[in-house]
J.: 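Can you keep this structure in mind? I'll have questions shortly.
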Protein chains: 2
Amino acid sequence: MTEDSFDKKDDFNLRDFLPYLLNRAAEESSLEFQKVYKDRYGMLRTEWRVLFHLGNYGGMTAKEIGDRAKIHKTKISRAVRKLEHRRYLSRTRSETDRRVELLQLTTPGQSVYHELRGIAEQYDAKLAGKFSKDETALLRKMLRRLAHMG
Amino acid sequence: MTEDSFDKKDDFNLRDFLPYLLNRAAEESSLEFQKVYKDRYGMLRTEWRVLFHLGNYGGMTAKEIGDRAKIHKTKISRAVRKLEHRRYLSRTRSETDRRVELLQLTTPGQSVYHELRGIAEQYDAKLAGKFSKDETALLRKMLRRLAHMG
DNA sequence: ACTTGTTAGTTACAAAATCAACTATTATCC
DNA sequence: GGATAATAGTTGATTTTGTAACTAACAAGT
C-alpha cells in the first residue's frame with residue numbers, strides 16, 4: 001500500500017539499458033572517424049554515408065540509398081546536392097523512368113571515398129582490436145541482428 | 001602504377017564497419033522506446049536521459065548529469081528547464097556554492113520515471129531475448145568498453 | 001483517354017542541435 | 001585585497017534535422 005520501491009526488484013540500471021548503451025557506444029566510437037570526415041572534408045554524417053554507399057556498392061538512385069541506409073529522402077536529397085556541388089558525384093536521369101536519377105561518384109569523388117575508406121578500415125581494426133576475433137565477430141553479428149541488417 | 005583497386009584487398013564492407021553498425025543498431029533499437037517517451041510523454045531524447053539520471057542515481061547537478069551522460073551543457077540546460085516547467089523536477093541552489101543547483105525529481109517526476117523505467121525494463125528484456133544470456137552479457141560488456149563506460 | 005493513386009525527388013517551414021558569447025559566482029595567485 | 005582565471009549555467013545566432021506539402025512522372029482501373 002505504501003511504496004512499490006520495495007516489492008519491485010530495483011535492479012534497473014541505466015548503464016545497462018541496451019538502447020542507451022548502444023547509443024553511447026555508437027557516439028563514442030564515431031567521434032574519431034567523424035573528426036576526419038567533418039574537419040578534414042567538411043562532410044556531414046549523411047554525406048559520408050551517401051558517399052560510402054555509392055563507393056562501396058556502385059551507382060544507385062537516391063531511393064535505393066535511402067532504403068539501404070534507412071535515411072529519410074529529404075536528408076538524402078540535401079546530401080546529394082552538397083556532394084554534387086563538390087563534384088563528388090554526378091546525376092544521370094534514367095531514360096526509362098524520368099523521375100529517377102542514377103547517382104555515381106566522379107573521379108574525385110572516388111578518390112575521396114578511397115581515402116576515407118582507408119581511414120575507416122584502420123579505425124575499424126583499432127576498435128575491433130579491443131576484443132578477440134571471435135568476440136568481434138559475435139559483436140558484429142549481434143549488431144546486425146539488432147539493426148535488422150540480417 | 002595503374003590502379004590500387006587491385007593491390008588492395010578490397011574487402012571493406014560498409015555493413016561491417018563498426019561505427020556504422022553501431023549507429024544503425026542504436027537507431028533501430030531506440031525507435032520503439034522513443035515512441036513511448038516522445039508520443040506518450042512529449043519528451044525529447046535528452047529529457048528522458050536527464051529524467052533517468054535523476055531517477056536512477058538520485059539528485060545531482062546539471063554538470064554531473066552532463067559528465068556522466070556525455071551531454072553538452074546547453075542541451076542539459078534546456079532539458080532541465082522543460083522538465084521543470086512540467087514539474088517533473090525541482091532546483092535547489094547550493095548554499096555552499098551558489099553557482100550550483102541540485103536537481104531532484106518531484107513526486108510526479110518520480111512517477112513518470114517509474115512508468116518509463118518499467119517500459120524500459122520490458123523493452124530491454126525483449127531486445128536481450130534475441131540472444132542467449134551469455135551473449136547478451138558479453139554484448140553489454142563490449143558496448144560498455146566501446147562507450148568508455150568501463 | 002481520364003480520373004485516381006503511387007513513386008522519386010525537392011522545397012518550405014518548424015523543431016532541435018551546435019557553437020560562441022554571455023552572466024554570475026568561486027578559486028587562484030601575486 | 002584585487003586582478004585573473006576557472007566553473008556552472010543560460011542565452012542567442014547559425015546550422016542541421018524533421019515534417020508536411022509540393023512537383024513531376026509513371027501506373028492502374030475504368
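The shown structure was predicted, so the numbers you read here are calculated from the model rather than taken from an experiment. In what follows, chains carry the letters A, B, and so on, assigned in the order in which the sequence lines appear, proteins first and then strands, with residues in each chain numbered from 1.
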J.: Determine, using the 4.5 Å side-chain heavy-atom cutoff (strictly less than), whether A:L102 and A:V50 are members of one ILVMFWY cluster.
T.: no

J.: I'd like to know if A:E28 and A:K130 make a salt bridge, using a cut-off of under 4.0 Å between side-chain N and carboxylate O.
T.: no

J.: For B:R98 and C:dT25, is the shortest distance between a side-chain N/O and OP1 or OP2 below 4.0 Å?
T.: yes

J.: Pick the closest DNA chain D nucleotide for A:K82 and for A:S94 by heavy atoms, then say which residue is nearer the 5' end.
T.: A:K82

J.: Assess the side chains of B:Y41 and B:E47: does a donor N or O sit below 3.5 Å from an acceptor N or O?
T.: no

J.: Round to a whole Å and report the spacing from CG of A:D97 to P of C:dT6.
T.: 17 Å

J.: Please report the distance, rounded to the nearest Å, between CD in B:E101 and P in D:dG9.
T.: 6 Å

J.: Look only at the side chain of A:T106 and the backbone of A:R87, and say whether a donor-acceptor pair between them is shorter than 3.5 Å.
T.: yes

J.: Between B:E47 (CD) and C:dA17 (P), how many Å, whole number?
T.: 8 Å

J.: Would you kindly give the NE2-to-P distance between A:H72 and D:dT17, to the nearest whole Å?
T.: 13 Å

J.: Nearest-nucleotide wise, let me know which of A:T61 and B:R45 is further upstream toward the 5' end of DNA chain C.
T.: A:T61

J.: Between B:F33 and B:Y123, what is the ring plane arrangement, given parallel below 30°, perpendicular above 60°, and tilted in between?
T.: parallel

J.: Examine C:dT10: is either OP1 or OP2 under 4.0 Å from a nitrogen or oxygen in the side chain of A:S77? Give yes or no.
T.: yes

J.: What nucleotide, of D:dT19, D:dA25, D:dA8, holds the atom closest to the side chain of B:V100?
T.: D:dA8

J.: Expressed in angstrom and rounded to an integer, what is the separation of B:D39 atom CG from D:dG18 atom P?
T.: 15 Å

J.: Any N or O donor-acceptor pair linking the side chain of A:R81 to the base of C:dG9 at under 3.5 Å?
T.: no

J.: Pick the closest DNA chain D nucleotide for A:T46 and for A:R99 by heavy atoms, then say which residue is nearer the 5' end.
T.: A:T46

J.: Starting at atom NZ of B:K73, determine the distance to atom P of D:dG9, rounded to an integer number of angstrom.
T.: 9 Å

J.: Take atom CD1 of A:I76 and atom C1' of C:dT11, then tell me their distance rounded to the nearest Å.
T.: 16 Å

J.: Nearest heavy atom decides the nucleotide; on that basis, is B:L44 or A:K38 closer to the 5' end of DNA chain C?
T.: B:L44

J.: Under 4.0 angstrom, heavy atoms only, what part of the nucleic acid is A:R91 near: base, sugar-phosphate, or nothing?
T.: sugar-phosphate

J.: Using whole Å, what does the distance between atom P of nucleotide D:dA25 and atom CD of A:E95 come to?
T.: 13 Å

J.: Checking contacts here: which listed nucleotide (D:dT17, D:dA8, D:dA25) is nearest the side-chain heavy atoms of A:K75?
T.: D:dT17

J.: Any N or O donor-acceptor pair under 3.5 Å from the base of C:dT18 to the side chain of B:R78?
T.: yes

